[in-house]
Amino acid sequence: MPAANDISPALLWLRRDLRLADNPALHAAIERGGPVIPVWILDPVAEATGAAHRWRMEGSLRALARDLEGLGARLILRRGAALDVLRDLAKETGADAVLWNRLYDGPARARDEAVKSALRSDGLEARSFNGALLHEPWTVETGQGGPYKVYTPYWRAVAERVVHEPIAAPSRWPSPQGWPASDALDAWGMAADMRRGAPVLAERVEIGERAALQRLAAFLEEDLRAYAEERDRPDREATSGLSHHLAVGEISPRQIWAATQPRRQGAVAKPAQKFLQELVWREFAYHLLHHSPEMATDNWRPEWSAFPWREDGEAAEAWRRGRTGIEAVDAAMRELFVTGRMHNRFRMIAANYLTKHMLVHWKVGEAWFRDTLVDWDPASNALGWQWVAGSGPDAAPYFRVFNPQTQAEKFDPDGVYRDRFIAEGRAKPHADALAFFEAAPRAWGLSPGDRYPDKPIVGLKEGRQQALDAYQDWKSRRDAA
DNA sequence: TAACGTTTATA
DNA sequence: ATAAACGTT
């Protein structure tokens, strides 16, 4: 084997895969035998994401840079068009290869395909890997040879598949002779648009690869057994809490899959099944996004573009501010604003109220979640909203209107979640409920001493009827045409 | 991963 | 009288 400095360096182009373990592009870069230079680029695609995601990404970059320093390496940060940056860096460092893990949303794919062909025509090695999914979207096919459109058969297809074993993190780093210059992370101000006052509970989230692995271990140890039973209860700590780690790639789905399958592969272990099904929902979302990238912005079922959706406006603003007058919805919207996360069950409740009772377009909700979710994921967010609205594949039928009251009675029977996030009218409001008012922009003009809205922006009974009428109207108009 | 109004079964 | 089952949206 030749000495390390006989082989030209490789650039490891990191994006939403900010980890050292089970990182296929990193593994391949090390296998080349030469030095490896990790780089993260703030380009227009990365800048076009939501404020909470950029804030979360900044924290993750800081954690990764620290981990790399622990191995005697550095994380090189650059700003600009990705291709220009990579070309410059290749020139500066003498690198003759650029390796990365694939992304699957439309804008990233368009960029990556252009970068790959340009680098190759420069004469560089340019290779991409699967670091984000259990299975590449195009490798899962129905009997007819097409993509799956319904979750259950998709689950059956992947449940018995063998998942690639995770790759160990490198124990030492092949560093170059000298490191190229890096921008200063602080100077980028990636958190500048977080637009929330202090203290913000989002800042309590544990960030970084080590935290992700610890969270997984704690979940498996403490909560997995009760997961199927308790996962819909926002008043219990029943979920894995891994979504924000997955969103920036601090942990991979393969690591999660392997950790829940201590024995053998090929059959899903019983206690883990319900949990893995949720992981596979993420996988399904990417499967769909790969085959229909326009799903991120347009109705997956095009006939829904003729539905009389309402525009963004005052009503939607009340929804964003957690002032609809429906406690389950408002609690959820406040949890989102102040923690950057929202319990899955209450995502469905809040989204359902916006798109059904309020008749507001799912894109309005999608945009708000994109801007405020610390665990924002392009595929899951699009699928989730289209599922609720009824415009997506395997969507809830439109007439499946949730009653937020009934849902709250079922899943928050003691009102613990409600009281954690709603302060108005409480003698001793919960600290988290008060934190919302400190986080909320001044312009919202909210104070914990306000009266809680004494009637909802749209009544439950009227809203349900209005939604069903609009649906019938839209449907008969279509049938006539 | 629904809710609701109505009918039918069971005590 | 109440629960379970059913059909509709």
Side-chain angles (χ1 to χ4, degrees), chain A residues 148-156 159 226-236 238-240 243 272-285 287-288 300-301 303-304 307-309 326-329 331-332 335 341-359 362 365-366 369 375 377 379-413 417 456 458-480:
Chain A
Y148 282 94
K149 299 185 179 79
V150 181
Y151 176 76
T152 306
Y154 179 83
W155 159 256
R156 279 197 221 104
Y227 180 80
E229 197 68 25
E230 306 258 274
R231 52 184 291 269
D232 281 319
R233 294 288 299 268
D235 55 339
R236 312 265 166 89
T239 63
S240 73
S243 59
Q273 173 154 327
K274 199 73 200 164
F275 172 61
L276 291 178
Q277 281 175 348
E278 294 304 310
L279 186 67
V280 168
W281 267 102
R282 172 185 178 276
E283 201 80 4
F284 184 50
H287 176 75
L288 291 163
W300 188 85
R301 297 175 196 273
E303 64 270 27
W304 280 91
F307 189 79
W309 296 113
I326 301 292
E327 288 179 319
V329 173
E335 182 192 18
R341 294 189 275 175
M342 191 192 291
H343 189 280
N344 177 254
R345 168 59 53 178
F346 282 71
R347 291 187 198 212
M348 292 189 282
I349 297 170
N352 198 266
Y353 186 76
L354 182 75
T355 54
K356 307 293 164 80
H357 298 80
M358 295 174 67
L359 284 170
W362 63 263
E366 189 276 336
F369 274 29
D375 66 8
D377 177 286
S380 296
N381 200 36
L383 178 63
W385 277 98
Q386 297 223 41
W387 181 87
V388 168
S391 62
D394 196 22
Y398 182 83
F399 47 76
R400 192 177 286 174
V401 179
F402 283 61
N403 179 332
Q405 204 78 50
T406 311
Q407 289 279 313
E409 281 160 20
K410 231 183 266 186
F411 301 115
D412 184 33
Y417 179 72
V458 180
L460 264 24
K461 200 169 175 188
E462 306 89 274
R464 177 187 163 79
Q465 201 50 52
Q466 181 178 250
L468 295 175
D469 290 348
Y471 175 72
Q472 283 307 322
D473 202 53
W474 166 78
K475 205 159 88 74
S476 59
R477 209 180 308 248
R478 260 196 328 122
D479 293 345

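Note on naming: letters A, B, ... go to the chains in the order of the sequence lines (proteins, then strands), and numbering restarts at 1 for each one. Only heavy atoms go into these numbers, but all of them, side chains included; no hydrogens, no water, no symmetry mates.
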Look at the aromatic rings of [X] and [Y] and report parallel, tilted or perpendicular, splitting at 30° and 60°.
X: His287(A); Y: Phe284(A); value: parallel
X: Tyr471(A); Y: Phe399(A); value: perpendicular
X: Tyr154(A); Y: Tyr151(A); value: tilted

[X] side-chain N/O to [N] phosphate OP1/OP2 under 4.0 Å:
X: Lys274(A); N: dT1(B); answer: no
X: Asn352(A); N: dA2(B); answer: no
X: Gln407(A); N: dA3(B); answer: yes

Grab the [atom1]-[atom2] distance between [X] and [N] for me, whole Å please.
X: Trp155(A); N: dT1(B); atom1: CH2; atom2: P; result: 14 Å
X: Lys356(A); N: dA3(B); atom1: NZ; atom2: C1'; result: 12 Å
X: Trp387(A); N: dA2(B); atom1: CH2; atom2: C1'; result: 9 Å
X: His357(A); N: dC4(B); atom1: NE2; atom2: P; result: 9 Å
X: Gln405(A); N: dC4(B); atom1: CD; atom2: P; result: 10 Å
X: Glu278(A); N: dT1(B); atom1: CD; atom2: P; result: 10 Å
X: Leu468(A); N: dG7(C); atom1: CG; atom2: P; result: 19 Å
X: Arg400(A); N: dC4(B); atom1: CZ; atom2: C1'; result: 14 Å

Notebook entry, point to check: Thinking salt bridges, do Asp394(A) and Arg301(A) make one under a 4.0 Å N-O criterion?
Noted result: no
Item checked: Gln405(A), CD atom: more than 12 neighbouring heavy atoms under 6.0 Å -> no
Item checked: Nucleotide nearest Thr406(A) (side chain, heavy atoms from C-beta), chosen from dT1(B), dC4(B), dT9(C) ->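 So the nucleotide nearest the side chain must be dC4(B).
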Margin query: Taking atom types as they are modelled, would you say the side chain of Arg345(A) forms a donor-acceptor pair with the base of dT1(B) within the 3.5 Å cutoff?
Written below: yes
Next item on the list: Would you indicate what Lys461(A) reaches in the nucleic acid, counting non-hydrogen atoms under 4.0 angstrom: base, sugar-phosphate, or nothing?
Entry: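 The answer is nothing, as Lys461(A) stays clear of every strand by at least 4.0 Å.
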